Amino acid sequence: MKNSYRYIPDPLFPNDNFFDLVYQVVRLIPYGRVSTYGAIARYLGAAKSARMVGWALNNSHNVIPKVPAHRVVNRNGFLTGYMHFATPTLMEELLKSEGIIVENKRIINFKDVFWDPSFELL
DNA sequence: CGATTGACACCAA
DNA sequence: ATTGGTGCCAATC
């Protein structure tokens, strides 16, 4: 799985690990929509590895093309990973800029913008 | 190479 | 409805 995108030339990043699969799916999340760790994990066939998805996003900063990690929240619509961005408010700002209603680290219209890869894709 | 670490999710009470 | 406990598993330490 290393055709439609490429990685930074860092030997520390293998080509076919679980992380890369996560990056692929996250890039498919449309503008103005969001998905969840669990939904992505299920889509990858690793239903019980939601935590791995979040962990994968830690490295997403070093990946090319860029991964819209701000579009991934937990199943309750909370921006649980906001502190991993450049500034504590960046994630919220990015989502707002895409028309998503965020209030106090939580997506208000969550069910309206939720994008489930296992359902939307096929 | 065993132990720890998570940007989570599920379930029992 | 809330809450506390447990499962998970690849990457790191």
Side-chain angles (χ1 to χ4, degrees):
Chain A
M1 331 228 129
K2 54 166 189 176
N3 29 21
S4 57
Y5 58 98
R6 70 187 189 79
Y7 306 91
I8 58 175
D10 185 346
L12 292 178
F13 281 91
N15 297 335
D16 294 279
N17 52 23
F18 183 79
F19 284 28
D20 298 319
L21 297 176
V22 173
Y23 303 149
Q24 277 193 71
V25 179
V26 175
R27 289 197 197 97
L28 296 176
I29 302 175
Y31 179 96
R33 304 288 299 280
V34 299
S35 193
T36 70
Y37 305 96
I40 293 170
R42 276 199 302 281
Y43 179 74
L44 293 178
K48 302 162 191 172
S49 301
R51 310 182 76 171
M52 301 305 101
V53 175
W55 205 349
L57 294 180
N58 272 325
N59 295 324
S60 65
H61 298 291
N62 308 314
V63 181
I64 295 179
K66 295 178 183 177
V67 178
H70 61 282
R71 296 185 188 141
V72 184
V73 299
N74 77 356
R75 93 196 221 105
N76 301 310
F78 278 98
L79 281 56
T80 52
Y82 70 93
M83 12 201 151
H84 296 276
F85 287 79
T87 71
T89 57
L90 180 58
M91 184 177 187
E92 184 168 338
E93 296 304 323
L94 286 171
L95 291 173
K96 283 180 178 175
S97 74
E98 297 189 3
I100 296 175
I101 304 172
V102 185
E103 204 168 282
N104 200 17
K105 301 294 180 295
R106 184 184 171 203
I107 298 178
I108 303 302
N109 57 337
F110 181 56
K111 60 176 169 47
D112 296 326
V113 296
F114 176 54
W115 182 86
D116 185 349
S118 340
F119 182 75
E120 307 281 350
L121 300 178
L122 204 54

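In the text below, chain A, chain B and the rest are named by the order of the sequence lines, each starting its count at 1. Computed from a prediction, not measured in an experiment: that's the story for all the values here.
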Any sub-3.5 Å donor-acceptor pair from A/Asn74's side-chain atoms to A/Asn76's backbone N or O?
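Yes.
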Any donor-acceptor pair under 3.5 Å from A/Tyr23 side chain to A/Ala56 backbone
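Flag set: sc A/Tyr23 to bb A/Ala56 pair under 3.5 Å.
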Taking only residues two or more places apart in sequence, or in another chain, which ones meet A/Pro30 in a side-chain contact (heavy atoms from CB on, under 4.5 Å)?
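Checked A/Pro30 against side-chain contact (heavy atoms from CB on, under 4.5 Å); matches are A/Arg33, A/Trp115.
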Please identify each residue that fulfils side-chain contact (heavy atoms from CB on, under 4.5 Å) with A/Leu90, with sequence neighbours left out.
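By the side-chain contact (heavy atoms from CB on, under 4.5 Å) rule, A/Leu90 matches A/Phe85, A/Ala86, A/Thr87, A/Leu94.
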Following the transitive rule for hydrophobic clusters with a side-chain heavy-atom cut-off under 4.5 Å over Ile, Leu, Val, Met, Phe, Trp and Tyr, establish whether A/Val53 and A/Phe78 coincide in one cluster.
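Hydrophobic grouping puts A/Val53 apart from A/Phe78.
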Are A/Tyr37 and A/Tyr43 connected into the same hydrophobic cluster when the rule is that any two of I, L, V, M, F, W, Y join if their side-chain heavy atoms are below 4.5 Å apart?
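Yes, A/Tyr43 connects to A/Tyr37 through the hydrophobic network.
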Runs of at least three Watson-Crick or G-U pairs with DNA chain C, cut-off 3.5 Å
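DNA chain C stems, ordered by first number: B:2-6 with C:9-13, B:8-13 with C:2-7.
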For A/Ala69, report the nucleic acid contact type (base, sugar-phosphate, nothing); a contact means any heavy atom under 4.0 Å.
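Since a base atom lies under 4.0 Å of A/Ala69, the category is base.
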Touch check for A/Asn74, heavy atoms < 4.0 angstrom, all strands: base, sugar-phosphate only, or nothing?
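If one applies the 4.0 Å heavy-atom cut-off, A/Asn74 turns out to touch the sugar-phosphate alone, with no base involved.
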Toward the 5' end of DNA chain B, by each residue's nearest nucleotide, A/His61 or A/Arg75:
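It is A/His61, whose closest nucleotide lies nearer the 5' terminus.
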Mind calculating the distance between [atom1] ([X]) and [atom2] ([N]) to the nearest angstrom?
X: A/Asp116; N: B/dC8; atom1: CG; atom2: C1'; answer: 15 Å
X: A/Arg42; N: B/dA9; atom1: CZ; atom2: P; answer: 8 Å
X: A/Asn76; N: B/dC8; atom1: CG; atom2: P; answer: 11 Å
X: A/Asn62; N: C/dA11; atom1: CG; atom2: P; answer: 15 Å
X: A/Asp20; N: C/dA10; atom1: CG; atom2: P; answer: 14 Å
X: A/Asn59; N: B/dA7; atom1: CG; atom2: P; answer: 12 Å

With [X] via salt bridge (Lys or Arg N to Asp or Glu O under 4.0 Å) - residues at least two apart:
X: A/Arg51; answer: none
X: A/Glu92; answer: A/Lys96, A/Lys105
X: A/Lys48; answer: none

The single option from A/Ile29, A/Asn109, A/Leu95 passing side-chain contact (heavy atoms from CB on, under 4.5 Å) against A/Val34
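For A/Val34, the side-chain contact (heavy atoms from CB on, under 4.5 Å) test succeeds with only one of A/Ile29, A/Asn109, A/Leu95, which is A/Leu95.
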Take A/Val63 and A/Phe19 through the test side-chain contact (heavy atoms from CB on, under 4.5 Å) and record every step on the way to the result.
CA-CA 10 Å; A/Val63 181; A/Phe19 284 28; over 6 Å; no
Would you mind listing every ring-ring contact (aromatic ring centres under 6.0 Å, His included) that reaches into residues 47-75 of chain A, with sequence neighbours excluded?
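Listed once each, the pairs would be none.
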Quick one: list whatever passes ring pair (Phe, Tyr, Trp, His ring centres under 6.0 Å) with A/Phe114, sequence neighbours left out.
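For A/Phe114, the residues satisfying ring pair (Phe, Tyr, Trp, His ring centres under 6.0 Å) (neighbours in sequence not counted) are A/Phe110.
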For DNA chain B, the residues among residues 80-95 of chain A that have a non-hydrogen atom under 4.0 Å from it
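Within this stretch, A/Thr80, A/Gly81, A/His84, A/Phe85 sit under 4.0 Å of the strand.
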Can you pull out the residues from residues 29-39 of chain A that lie within a 4.0 Å heavy-atom distance of DNA chain B?
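The stretch gives A/Thr36, A/Tyr37, A/Gly38 as the residues lying under 4.0 Å from the strand, ordered by number.
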Would you tabulate the pairs of protein nitrogen or oxygen atoms and nucleotide nitrogen or oxygen atoms of nucleotides 7-9 of chain C closer than 3.5 angstrom?
{"from": "C/dG7", "atom 1": "O6", "to": "A/Arg51", "atom 2": "NH1", "distance (Å)": "3.0"}
{"from": "C/dC8", "atom 1": "O4'", "to": "A/Lys48", "atom 2": "O", "distance (Å)": "3.4"}

Set of residues satisfying side-chain hydrogen bond (donor to acceptor under 3.5 Å, both in side chains) with respect to A/Arg42, sequence neighbours excluded
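With neighbours one apart ignored, the set is empty.
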